[in-house]
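These numbers were taken from a predicted model, which means no experiment stands behind them. Reckoned from all heavy atoms, side chains included, excluding hydrogens, waters and symmetry mates. Throughout, protein chains are lettered first and strands after them, A, B, ... in sequence-line order, and every chain is numbered starting at 1.
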Amino acid sequence: MDRIKKWAAKDSTLSALFVIFFVTAVSLRLVVGKTMYTPERLMLMGFQIPEFGLIALGMTFSFLLGGIDLSLVANANLSGIIGAYILTGIWMPGLSPEMSIVCGIVSALAAAVICGSLNGILIAKFSVPPMIATLSTMTFYNGVAMALTGGESIIGFPKAFTRFSTATLLGIPVLFVLFAIITAALGFLLSATGVGRKVYLYGENPVASRFSAIHNERLIIGIFTQNGFLAGLSGLAIVSRVTTAKVGYGDAYLVQAMLVAIIGGVSPSGGKGKISGVIIAIIIIQVLSSAFTIWQLSPYNRKLIWGFVLIFVIFMNHIIGLYGQRKEKTLKEK
Amino acid sequence: MRKRKVINRTEWFLIGIIFLYCAMVTLVNPAFLSFETLFDILRSSAVTTIMAAGIMVVIISGGIDVSFTAVALFGAYVTTKILTETSAAWMEHLGIAFLLSIFMGIIWGLLNAVIVHKLKLPAFIITLGTQNLIFGVMTTFIGSKTYGAAAIPKVFSRFASAQLFRIHTASGTIGVSSFVIPVAIVLALTWFIMYKTKMGRSIFALGNSESAAMRIGINPFRVRLFVYAYMGALAGVAGVVYVSQVRSMYPNALVGDELSVIAAAVIGGTKLSGGQGKLLGAFLGVLIVHLLNNTLIFLGLSSSWNDFFIGALMIVSVSVTAYQERLKNRKHFIFTE
Amino acid sequence: MGQELLTVKNLNKSFGGIHALKDINLTIRSNEIHCFAGINGSGKSTFIKCVSGIYEPDQGEIILNGRSYSRLSPQEAIEKGIQVIYQDLSLFSHLTIAENIAINKIMNSKKRLVSQKEIYSVAQTQLEKIGVEMDLNATVQESTMANCQLTAICRALAMDAKLIFMDEPTTALTGKEVKRLLTIVMDLKKKGYAIVFISHKLDEIFDIADKISIFRDGEIVGDFERSELDKKKLSHYMTGREVEYPRYVRTFQDNTPLLQVDRLGQKENYQDISFSVRPGDILGLTGLLGSGRTELGLTLFGLNPHNEGSIFFEGRELRRLTPGLMKSLGIGLLPEDRAAQGLFANRSVKQNLSSVVLERFSRTAGLLDQKEEERIAIEISTDMNVKTSSVDAPVSTLSGGNQQKVVIGKWIASKPKLFIMDAPTVGIDVGSKAEIYDKIQFYASQGMAILLISDEIEEIVLNCNRILVMAQGRQIAMIEEEERLQASQSELEEKIMQLISEENPLPVQTQGGAVV
């Protein structure tokens, strides 16, 4: 018991998140009933988490740097579409299914990485504020995707590719395993390595980071390129599950990703937040989202709830922040 | 003394682009160059122009708003609903429709202002939240059925088909849509507020430097209340014009278009860092966006290429601005990152 | 003699136990230019903030136009005709000159509407008051520093100011522009205004002052008529040194130069700078704000590329300098602005201390060795005597002096060969100051070369064995070890004080490019 107390005191955000998670999970079980956590339902959650989870991880990194990446979903869509053109044989026809899958995935990821690094270059080399840079590239990436597809869906994927989204490994969705590995790697990167430390330092005070001989440009371009990669993976996951590619898929993920990052205790002003918090937040959002599916809530109702929760969480954070400041002040006066 | 420039460099640049583009389209397809195209563009850009004027004011004050399309939709939808369901004949009046929609817009705008000012988080995130919230409140609590052309109140269709004046050309008679009236009023009012009132000066001052503005006694909260409420009011106007123009009301209309409106303002020289922006520029920005929208087809490109060009223009314009600022800052040893 | 505008009696103000103002008594009259002299942190700015209503004094009386106040609100101060022109001017950079001049008046009027005509007429009237012509339609961003300064003066005049405080208005101006400004200020005096003028340039003070009040350590140590003082006396009062402190003497044996700078120039900041630094040297680099001292420091850290001359480190010429390269060579920089450039405020003391030396405890795959980090942090914080409950406490909970020790410590952890320290003791308490001096001298005696940039002359004279004086981007004097040892501390201080405030300094002659 003491150990739990100690641990809870050490990381109050994380322990608060755990409490929120348990309350949500248990109350949903009570309200919805047995259907809430059937194995099939859990499996479905496992299939869905990677798509927006990857976007949320990207958002987390951009928040940690004191920025924002609005182009993540647009990037996911664009790279998904580029991959789709090759997978379906519209580009590079005549490849064997295996080759087309390899080429498709590689070019989708390459496109995503290029898009991500363009963000990084605009921010680091041209000093465009992240929000403005990614707002512009978001429009542009969507524009490229629209120009390529004319708004039409791309269909006709190789079975092997679409099966990937529902494949399981020892009863666990393969995509989820992949996502778990990536999350663990990123969590490790953030908490235990020099790069992670630099992300926190930059997010806290980019000028001081420059004066500490940290290579700011390299860091920013690196992280935004990594974000591009995450978006690309998410794009492939979406295409694989939906079995079509089209502009506008996953648009709701942008709000969800911000929501996840903010609930997970990541501050949009930079330098504060952990992957562990984000993971719990992802699960909370996914559990809620599943409950919405069971209740057959319309997308309209969901928007209402997501919007409300976002504002509410920001409001609560603000209150908690005020309380914290007062506490610190009294501490300092003593 | 130098004369105060009516048209600045960005604006000349945009005018140049518009001329070049028009010349190019005319060469490919001479049918383009007609009054009809011009009036078409004026008519179709009415909604965007009204919203762009509002977002320009918000951006000049140093803020941002992405919820205004949801506000416009809310105003339009709820007004349509009230007008179709009411039995009172006096309600069937265009003025009433505008008032209702504007009123709802102002309420949402004030809410935005309060949250943005009090919570001190990026306005983008907050207004993205309220966008979902406003849209959700409407579709969940008020209604989500579609009003087809037949169900739309008569005042709207009358407003849409009314013409300000007609001109006679070789190919027949064409008229200027009455939508020009609200657009003109909005532009004139915005110009008046920004340049002729104390509030306008405060908005510019706040966007330039919040701390310097506070030193001369400007209350940032009051300015924000005004700015976001004004944006809400214009969104309300835009909503009514929109339903008249489209002659139907879908519950998912408009939302998602906010980025192209912001893009128009930004391409027109409104600086997202605040404190700078001109109505003429924003208007030219809107014109470019709609010009592309309406005429890419003349060049043999589908309108799907729209965002491609707009996005590219936006990237170029924000990078040039930011890079100049960076060079200047470096010269004065101001390190922003 | 003009009439009394503002009288202050026994004014006291302290911040967190530090007495910023002690029993200030002062009278300011109309038709007078009253100069405040004093080194940074002597209390001049605090005084201005108290009488303009920004700070609430702890004690004392402010008498304005015969009415006594124990505290003023900013609004009251403005209504009574007090206007302050801060160093940053707080102008709106994207608005025009006319709008900037008129905006205060507009905001304080009852009218809701604004006419362009009125803006112009307000602006034009003020310009006529100071007898200057300016392009009213240019934005502040497009205008020169001098015009911005005049705009700020006009803005104050537009508010019917009777008493105008000007905080170092001449720092960013060229010689010619300064002359023009001073003429305008004298003209305003004749028209009945009271001007309080703050400057570090003694020549300017003697050019225009009727009265001079000298601030030191939060007290006024003297009120003088202009005729009662000369430069020598003034600098003596400003530094107020009577006791001679032990001064740093270089004992390190190795005389091979570590850093050599040869006719270095950066277009707009400084020209023709040549010097060398040996291990164990504490080279003082002093001059006024805008003399190029900080800019030179930034160049040597790779943040301000030079375009003339060359830099040699350990005999090798350096090209394409970046902070990363400089760190790897063993050069560190303590930045001028602690909060903005040095600290990661919400991060722990430990993470601040280790921020420069991440690779010192990086293992395979970039993994950080947390134990080693903790060890380094504890070692450095003990060494620097940082007073904190634990190295895990956020650095923002520390006092200013301890925060500065942390910023110094993070570079000490990298064991630099050359440490450039810009303004190492600004805004910190006396106790920490002494400790920092002690540390600087200790590290130098161990063979670290230190470039100490400061405008506190006492600090320079006390700690440096060699001193380079800069003014307006030029190297105007190099005081070598022998000269320094022969002169007494106060002699040196007065000499430097006079040197830096020269109006048109001549560059020092270097013989055949040889650097000393």
Segment of [X] engaging chain B (4.5 angstrom heavy-atom cut-off):
X: A:S269; value: neither
X: A:I262; value: side chain
X: A:F312; value: neither
X: A:A124; value: backbone
X: A:I305; value: neither
X: A:I314; value: both

For [X], which atoms come within 4.5 Å of any heavy atom of chain A: side chain, backbone, both, or neither?
X: B:L121; value: side chain
X: B:A312; value: both
X: B:F309; value: neither
X: B:I262; value: side chain
X: B:I115; value: side chain
X: B:L259; value: side chain

Nearest 0.5 angstrom please: [X] [atom1] to [Y] [atom2], how far?
X: A:L310; Y: B:Q131; atom1: CG; atom2: CD; result: 11.0 Å
X: A:N301; Y: B:F141; atom1: CG; atom2: CZ; result: 8.5 Å
X: B:T139; Y: A:L304; atom1: OG1; atom2: CG; result: 7.0 Å
X: B:D307; Y: A:Y141; atom1: CG; atom2: OH; result: 14.0 Å
X: A:M131; Y: B:L272; atom1: CE; atom2: CG; result: 5.5 Å
X: B:I310; Y: A:N142; atom1: CD1; atom2: CG; result: 11.5 Å

Minimum-distance pair of heavy atoms, taken over all atoms of A:F140 and B:F308 =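 Smallest heavy-atom distance, with atoms named: CD1-O, 3.6 Å.
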With chain A as the partner, which of [options] has the greatest number of non-hydrogen pairs under 4.5 Å?
options: B:M314, B:M138, B:R326; result: B:R326
options: B:P122, B:S304, B:G129, B:A322; result: B:S304
options: B:L327, B:T140, B:V320; result: B:T140
options: B:I315, B:N306, B:I134; result: B:I315

Do you know which of [options] has the most heavy-atom pairs with chain B at a distance under 4.5 angstrom?
options: A:E217, A:K125, A:M138, A:R302; answer: A:K125
options: A:I123, A:I220, A:V128, A:L118; answer: A:V128
options: A:I132, A:N317, A:L148; answer: A:I132
options: A:A208, A:G307, A:P206, A:A147; answer: A:A147

Atom [atom1] of [X]: over 12 foreign heavy atoms under 6.0 Å:
X: A:Y85; atom1: OH; value: yes
X: B:K278; atom1: NZ; value: yes
X: A:I155; atom1: CD1; value: no
X: A:K246; atom1: NZ; value: no
X: B:F298; atom1: CZ; value: yes
X: B:I18; atom1: CD1; value: yes
X: B:Y323; atom1: OH; value: no
X: B:K145; atom1: NZ; value: no

Could you please spell out the steps behind the side chain to side chain contact (heavy atoms under 4.5 Å, CB included) verdict for A:L135 and B:V318?
-> CA-CA 10 Å; A:L135 185 68; B:V318 299; over 6 Å; no
A:H318 side chain to B:K120 main-chain N or O, any donor-acceptor pair under 3.5 Å?
->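 Such a contact is absent between A:H318 side chain and B:K120 backbone.
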Which of these passes side chain to side chain contact (heavy atoms under 4.5 Å, CB included) with B:L128: A:I311, A:L70, A:V255?
->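 Exactly one candidate clears the test, A:V255.
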